[in-house]
Amino acid sequence: MGRTLKTVITNFSSGELNPLLATRTDVPSYFQGAKQCRNFALLAEGGLMRRPGTSYLATLPAESRIIPFVFSDDEIAIIVLSNQRMDVYNINGTALTSNYTTNANWTTAQLFELNFAQFGDTIFITHRDNAIREIFRESATSFIIRVFTFDEDTSVTVSSVNKSLQPFYRYADRLISVTLSSHATGTGRTVTASSSTFTSNQVGDYILINGKQGKITGFTSGTEVTITIIEDMGSAGPHLEWKEQTVSTKRGFPQAVTFHHNRLWLAGLKSRPAGILASHIGDYFNFSLGTGLDSEALDSDITGDSVNEIRHMLSGKDLQVFTDGGEYYIPDSTDNTITPSNISILRQTPYGISRTAPHMFDQATGFVQKNGKAVREFVYSDLEDGYKSTAVSILAQHLIDSPKEIAIMKGNLTRPEQYAFFLNNGSTHNGKLALFHSVRDEKIAGWGLWSTRDNDFFQSIASLNENLVVICKRSLNSSTVYTLEKFADDDTETLDCQTTSTLNQRGTPLVDGGSQSGNVLVVDGLTSDPVVNESFTIAGNATEYTIQSLVNNGSGEYSLTLNKNLAATPADNAVITFTAGFLHDVNGIYTNESVNIIDGNSSIGSFTVSSSDQITLTNAPKATGLKVGFNYIPIIETMPIDKELPEGPLTGLPRRISRAIVDLNTTLDMTIKAADSTSKALVIQQVNFQGGSDLTPVTDKKEFFFLGYSKSPTVTLSQDDPLPIKILGMSVEVVFAWVLIQ
């Protein structure tokens, strides 16, 4: 005897769940999660929306990375870095600065290891192998790259060499001493070391001997260099008290950078990986320690039983310090300051961070664990009076695949949802975005996965206020092309790499001869055949005419029979403008590619773009402005429909989903499949629907019936056409054999 069970899936707020949770009906997330949640956006109300599509902005020169620049709410720029090059675009894809190579010292391999921090009109770019660079905004439309240099004290000068306000550190063995040929200020002084320590790439570097500065001007050997002494060094020595530049070509450069408490902070130097430096307060290029005043520079190290490489710093409630071996923070003192006398670096958790920069999200700092397989949030706990690192990806561990970049979206002009995007770079989900939606106060957290067209990849992602911008690596016309694209605000845009078409005018059609009347018009200047049902207007006449039939007279001349008589006699050579036609011009990025076409609320199919960048419609002529782009497939598949009954669980028992009622909102296309049944399509068509008219989105509960048994029955919802869809929830009826659980 069969028995029917009804169950309701009220929301999908937990998103896609780890396949290993397939039988964990004891986990609350099971009934709010999904076996698959691909290319859907999780909504704050618990429902799902087809993820927004992207609009095409520009074609990029090579593999690239986005660095966001936000100067003010109404002045933002997309900085694109590629191999030893910078290009800058506005949010509409217009180039502001193109092919800028001066001082661009990064390589393709380093792009996603670069760290950056912005203050006002300057972005500081760091990498452990590269000298620091500044990207400087000269004006709203002009950006340059400058070499970062420490300030100098121009009041202390010898032979045009100023005292440098930079940090120094003792890298050489503590037993190596140096002796001067003369300790007095001046040029051409010789420094001799007791053991080999100098290298030729130190020429131009500063050296600190007995607390006084000199500048290396020549290299003789590993034990001898020539210097200009800027400050009298007291005696010839030998001196054990001497230091080199902390930051140099020989010793490497800082990789972590941030602004905190009005200081510029640098850390993670290649030869001093646990070192942290901070500038004077309000003086970001002055790193001299001075006499240790509260406003002067800081120089400290993380100490412990092993050397932890500082990879990132982030300014939050405190200064957070992330290393490859654990998470730390630098607390403020009781007067909310960090000074040379009170700085302390406190270890909190032992997980370690990858080279992907962390980001603040939903009251916590999200970071990718060093192994690339987990996302954690570093969050302060009043109960523990310290920070904890909680794994937030544990229920969707399979979606985290060595992310190389994080972007945070805090809502936009049409939706309140906040999302964290993790751009995967591993072998399983390479080029796909793991999406995390969180509302901490409501204890809501869920994951999904976004991908673009098959065999194309997301390459870089960044948010600029409410704008989410991405670089895609696409295979177009048998070539690899990198495109700059911007996500739409909601599901009103449903294609990727979207542009709009232009109606082809079939040459330069003109009225051929004066004194024409009636419903036949002779035209010339056509380079391709017009088609029946195409429409046009004539200069000087607002009436629109439709072609009923035509005769090709040769040499580009045609006699067109129209749907109505000419409203007025047109002038000879009056310009004819097609207003609806079958032949449309499209962007050259689609050459020889298959694209999808959207007209209003209707999908009019898939078309192959010709080598001349044109598409030929088949069903009806259309006006200019068709949406052209690539489709992507959204899929939501429920967890196996299960229930704990008094008689026992249904887990593993054959059962059939007999009916599903899906609650839809502003939806234009949907397919549904249950267990082993055949897919069913929802046909959106109103009672008053007329051919050629546009569709009206459906907001209603739709009912579907199914056959077919399964031991793990699920319901899968997807789409055939790239149109808006919102799924709020569903009710499911399950039929199972009662006798099986007696």
Side-chain angles (χ1 to χ4, degrees), residues 103 105 107 126-133 146-255 266 268-273 275 277 285-290 297 299 301 307:
N103 296 324
N105 62 345
T107 65
T126 59
H127 187 279
R128 62 192 182 280
D129 291 325
N130 297 345
I132 303 171
R133 291 293 187 261
R146 303 189 302 200
V147 177
F148 174 94
T149 56
F150 294 101
D151 279 345
E152 296 180 345
D153 183 354
T154 56
S155 67
V156 182
T157 302
V158 172
S159 188
S160 300
V161 178
N162 301 324
K163 179 181 178 181
S164 179
L165 302 178
Q166 67 176 291
F168 293 87
Y169 188 76
R170 178 62 178 264
Y171 287 108
D173 187 277
R174 64 185 179 86
L175 298 180
I176 297 178
S177 63
V178 293
T179 303
L180 299 163
S181 61
S182 171
H183 64 80
T185 59
T187 62
R189 311 308 193 202
T190 300
V191 177
T192 303
S194 59
S195 295
S196 181
T197 185
F198 300 116
T199 57
S200 60
N201 62 3
Q202 287 183 279
V203 174
D205 287 359
Y206 286 82
I207 189 170
L208 197 68
I209 301 175
N210 202 25
K212 307 297 181 180
Q213 280 191 35
K215 187 173 185 179
I216 299 174
T217 57
F219 170 81
T220 303
S221 68
T223 58
E224 184 177 314
V225 292
T226 304
I227 70 169
T228 293
I229 295 180
I230 305 169
E231 302 172 290
D232 192 305
M233 295 181 174
S235 69
H239 297 283
L240 283 172
E241 179 60 35
W242 68 279
K243 299 178 180 179
E244 307 169 36
Q245 284 185 196
T246 303
V247 179
S248 68
T249 300
K250 177 183 178 181
R251 299 301 182 181
F253 304 93
Q255 66 179 333
L266 302 170
L269 292 96
K270 189 166 186 178
S271 296
R272 191 184 163 195
L277 309 171
F285 301 89
N286 185 349
F287 281 74
S288 64
L289 295 181
D299 189 334
D301 288 272
V307 176

(message) Please give me the minimum heavy-atom distance between Ala297 and Ser288, naming the atom from each residue.
(response) CB-O, 3.3 Å

(message) Keeping Asp173 on the side-chain end and Leu175 on the backbone end, is there a donor-acceptor pair under 3.5 Å?
(response) yes

(message) Taking the six-membered ring for Trp, are Phe148 and Phe150 closer than 6.0 Å centroid to centroid?
(response) yes

(message) Taking the side chain as everything from C-beta on, heavy atoms only, tell me whether Arg189 gets closer than 4.5 Å to Thr228.
(response) no

(request) Could you grab the distance from atom CG of Asp151 to atom CG of Asn286, nearest 0.5 Å is fine? (result) 5.5 Å

(request) Kindly give the heavy-atom pair with the smallest separation between Lys270 and Asp129, and that separation in Å. (result) NZ-OD1, 2.6 Å

(message) Rounded to the nearest 0.5 Å, what separates atom CG in Asn130 from atom OG1 in Thr249?
(response) 10.0 Å

(message) If you compare all heavy atoms of Pro167 against all heavy atoms of Leu277, which two are closest, and at what distance to 0.1 Å?
(response) CG-CD1, 3.7 Å

(message) Can you tell me how far apart NZ (Lys243) and CD1 (Ile209) are? Round to the nearest 0.5 Å.
(response) 13.0 Å

(request) For the residue pair Asp205 and Glu244, establish whether any side-chain heavy-atom pair is separated by less than 4.5 Å. (result) no

(request) Rounded to the nearest 0.5 Å, what's the gap from CH2 on Trp242 to CG on Leu208? Could you check? (result) 11.0 Å

(message) One pair to check against side-chain contact (heavy atoms from CB on, under 4.5 Å): Thr220 and Thr190. What are the steps and the verdict?
(response) CA-CA 10 Å; Thr220 303; Thr190 300; over 6 Å; no

(message) For a 4.5 angstrom cut-off between non-hydrogen side-chain atoms, does Leu269 reach Val247?
(response) yes

(request) Identify the two heavy atoms, one from Val161 and one from Ile230, that lie closest to each other, and give their separation to 0.1 Å. (result) CG1-CD1, 3.5 Å

(message) With heavy-atom distances below 4.5 Å as the criterion, would you say the side chains of Thr187 and Thr217 are in contact?
(response) no

(request) Please check if any side-chain donor atom of Asp232 sits under 3.5 Å from a side-chain acceptor atom of Thr185, or the reverse. (result) no

(request) Determine yes or no for a side-chain-to-main-chain donor-acceptor pair under 3.5 angstrom, with Arg133 supplying the side chain and Asn103 the backbone. (result) yes

(message) Once rounded to the nearest 0.5 Å, what's the spacing between atom OG1 of Thr246 and atom OH of Tyr171?
(response) 5.0 Å

(request) Kindly indicate whether the side chain of Lys163, heavy atoms from C-beta on, has any atom under 4.5 Å from the side chain of Tyr206. (result) no

(request) Please examine the side chains of Arg272 and Asp301, heavy atoms only from C-beta on, and report whether any two atoms are closer than 4.5 Å. (result) yes

(request) Taking all non-hydrogen atoms of both residues into account, name the closest pair between Arg170 and Ile176 and its distance. (result) NH2-O, 2.7 Å

(request) Would you verify whether the NZ or CZ of Arg251 falls within 45 degrees of the ring axis of Tyr169 while also being under 6.0 Å from that six-membered ring's centre? (result) no

(request) Measure across Phe198 and Gln202 and return the closest heavy-atom pair with its distance rounded to 0.1 Å. (result) CA-OE1, 3.2 Å

(request) Begin with the C-alpha distance, continue with both residues' side-chain angles, and end with the deciding distance and a verdict on side-chain contact (heavy atoms from CB on, under 4.5 Å) for Ile229 and Val158. (result) CA-CA 7 Å; Ile229 295 180; Val158 172; over 6 Å; no

(request) Output the distance between atom OG (Ser194) and atom NE2 (His239), rounded to the nearest 0.5 Å. (result) 12.5 Å

(request) Check whether any side-chain heavy atom of Ile227 lies under 4.5 Å from a side-chain heavy atom of Leu180, and answer yes or no. (result) yes

